[in-house]
2 protein chains.
Amino acid sequence: MRLSKRGEYGLRAMIVLAEPVDKNSMPVVQIKEIAQREQISAKFLEQILLALKNAGLLHSKMGVGGGYYLARSPREITLGQIFRVLDGPVAPIKCVSQMSYEPCGCPDEQTCGLRLVMGDVRNAIADILDNTSLADVNKRQISVRKKLGIK
Amino acid sequence: MRLSKRGEYGLRAMIVLAEPVDKNSMPVVQIKEIAQREQISAKFLEQILLALKNAGLLHSKMGVGGGYYLARSPREITLGQIFRVLDGPVAPIKCVSQMSYEPCGCPDEQTCGLRLVMGDVRNAIADILDNTSLADVNKRQISVRKKLGIK
DNA sequence: TCAAAAGTATACTAGTACTATAGACTTTAT
DNA sequence: ATAAAGTCTATAGTACTAGTATACTTTTGA
C-alpha cells in the first residue's frame, strides 16, 4: 500500500507551492528551490512537475525569473487530484476503482469478500485525499507549529 | 496504492479457508482446490501459502489427504495480519508506519504536511484491515448473497 | 514396502515499474 | 546576445512482480 517516490515528491512540492507568500510577490517558485528545500533531485522533480503541469494542476513561466505556480487556488486543489496524476488510481484493487474500474478476475465479483472490504478501503482513502485541499494541509501545518511553539 | 497479486491471492485463499464447513469434516483444503476455485496458478499460490504458514497464520498437513487449514479461528485472524505478511506495512509512507517506522527524509518530520495527512490515511486503512476478521468477511458475503437472493 | 499424494524449499526468469540521470531544445528577461 | 529557466525525450540501473522449474520430504494406504 505504498506511495511512490514520484507521488511523495510531487505532493511535497505542491504543498510548498501552496504556501502563503507575502502579498504582491509573484508566487512563482523555481524547481531548484523546491528541490533544495525538500532534498529532492532537481532533474527528477522536473519530470514530476511537468506531469502536474500537463494535467492542468500547475502553470509555469519560462525564462529568467520563471518557475511554477498553482493553476488554481490551494483551496481548489485536492491531494486526491495530485495523487491520481502521479500514482494512478487510489483503489487498492482495480475492481473497486471508481475512476478507472476493471474486473479483477475473481470467480464472482458480486459476492467476492475481498472486493467488499477493499471497497471500504478505497472509500476511506479517497475520503481523506479528495477532501483535503492544499490549503487544508497548510492550515494543519500552521496549527502544529503553533502547538509546538516553533517558528 | 496497490495491493499486489501476492496479497490479493493470499487474502482470497484465506477467505476460502475460513469458509464454514459441514461439521466433522476436517477443514483441510488443498492448494490445488483453492487454485482452481479462485483461478490462481497453483505453483504461485504454493509460495504464498507457505509464507502464511511460516508466519503462523496457517497450519498444514503433509501427504495424502493433506492440505492447509487456519492456525486459529476465523474470528482471530484479521485481514491486517495477512496483508502485512504478504505485502508489508500498511502505511503509504514509511514515516507513518506503526509497525515498521523509518524516517522518510523530509526536512522536518514534525511539521511535514504530507506526513500529517498520510498518517490519517494509514490509520483509516489499518482501522479497516485490523478490525476485519476472516469471520467478518464471511458474514458479509453471506448477507450479500441473501440480499441478492442467490445460492 | 513402495508408489502416489501432498507440502517444502530454493533457484531462476521475463517483464515491468521505479528512480532517477543526461542531453538537447525552447522561451524569456535584461 | 546571453544566461536563466522550463520542455521533452531517451536511457540506464535496480528492484519488484508474477510466475516456472526442479528437486526434495513427509505421509497414507494398497
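Atom set for the values below is all heavy atoms of this structure, side chains included, hydrogens, waters and symmetry mates excluded. Residue numbers start from 1 in every chain, and the chains themselves are labelled A, B, ... in the order their sequence lines are given, proteins ahead of strands.
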### Query
Quick one, which residues of residues 30-39 of chain A touch DNA chain D with a heavy atom under 4.0 Å?
A:Q30, A:I31, A:K32

### Query
To the nearest angstrom, how far is B:R6 atom CZ from D:dT20 atom C1'?
16 Å

## Note on the structure
To the nearest angstrom, the CG-P distance between B:L45 and D:dA18 comes to 14 Å

### Task
First locate atom SG of B:C112, then atom CD1 of B:I93, and finally report the distance between them rounded to the nearest 0.5 Å.
7.0 Å

### Query
Hey, does the side chain of A:Y69 come within less than 4.0 Å of D:dA5's phosphate (OP1/OP2), counting only N and O?
no

### Task
Can you sort out the partners of A:T111 under side chain to side chain contact (heavy atoms under 4.5 Å, CB included), two or more places apart, ordered by chain and number?
A:D108, B:V144, B:R145, B:L148, B:I150

### Message
Once side chain to side chain donor-acceptor pair (under 3.5 Å) is applied, do any residues pair with B:Q141, and if so which ones, sequence neighbours excluded?
### Response
none

### Summary
By salt bridge (Lys or Arg N to Asp or Glu O under 4.0 Å), B:K32 pairs with (sequence neighbours left out) none

With 3.5 Å as the limit, what N/O pairs link the protein to nucleotides 8-14 of chain D?
residue : atom : partner : partner atom : Å
D:dC8   : N4   : A:E46   : OE1          : 2.9

### Task
Report yes if a side-chain nitrogen or oxygen of A:S41 is closer than 4.0 Å to either non-bridging phosphate oxygen (OP1 or OP2) of C:dT21; otherwise report no.
yes

### Query
Can you name the nearest heavy-atom pair linking B:P107 to A:E38, along with the distance?
CD-OE1, 3.7 Å

### Sequence neighbours excluded - side chain to side chain donor-acceptor pair (under 3.5 Å) pairs with any residue from residues 76-92 of chain B
B:S4-B:D87, B:R72-B:Q81, B:R84-B:D130

### Message
Without decimals, in angstroms, what is the distance between B:L49 CG and D:dA18 C1'?
### Response
15 Å

### Task
Starting at atom CD1 of A:I40, determine the distance to atom P of C:dC18, rounded to an integer number of angstrom.
17 Å

### Task
Would you mind reading off the distance between A:F44 atom CZ and C:dT19 atom P, rounded to a whole angstrom?
6 Å

### Query
Who pairs with B:R37 by salt bridge (Lys or Arg N to Asp or Glu O under 4.0 Å), at least two apart in sequence or on another chain?
B:E19

### Message
Using a 3.5 Å distance criterion without hydrogens, assess whether the side chain of B:D136 forms a donor-acceptor pair with backbone atoms of B:S133.
### Response
yes

Please list each protein N or O that sits under 3.5 Å from an N or O in nucleotides 26-30 of chain C, with the distance.
none

### Task
For D:dG19, take OP1 and OP2 only and decide whether either is under 4.0 Å from a side-chain N or O of B:Y9.
yes

## Note on the structure
When rounded to whole Å, the CG to C1' distance for the pair B:L3 and D:dT17 reads 13 Å

### Query
Heavy-atom contacts under 4.0 Å between residues 85-100 of chain A and DNA chain C, which residues?
none

### Task
Quickly work out the B:R2 CZ to D:dC16 P distance and round it to whole Å.
17 Å

## Note on the structure
Hits for side chain to side chain contact (heavy atoms under 4.5 Å, CB included) against A:A71, two or more places apart or cross-chain, chain-then-number order -> A:H59

### Query
What is the distance from atom OG1 of A:T132 to atom CE of B:M118, rounded to the nearest 0.5 Å?
9.0 Å

## Note on the structure
side-chain contact (heavy atoms from CB on, under 4.5 Å) test vs A:L134 passes for just one of A:L11, A:V16, A:I82, A:L57, namely A:I82

### Query
Taking only residues two or more places apart in sequence or in another chain, which ones pass side chain to side chain contact (heavy atoms under 4.5 Å, CB included) with B:D120?
A:I128, A:R140

### Query
D:dA5 phosphate, OP1 or OP2: any side-chain N/O from A:S60 under 4.0 angstrom?
no

### Side chain proximity check, B:P92 to B:R122, heavy atoms < 4.5 angstrom
yes

### By ring pair (Phe, Tyr, Trp, His ring centres under 6.0 Å) - contacts of B:Y101 (at least two apart)
none

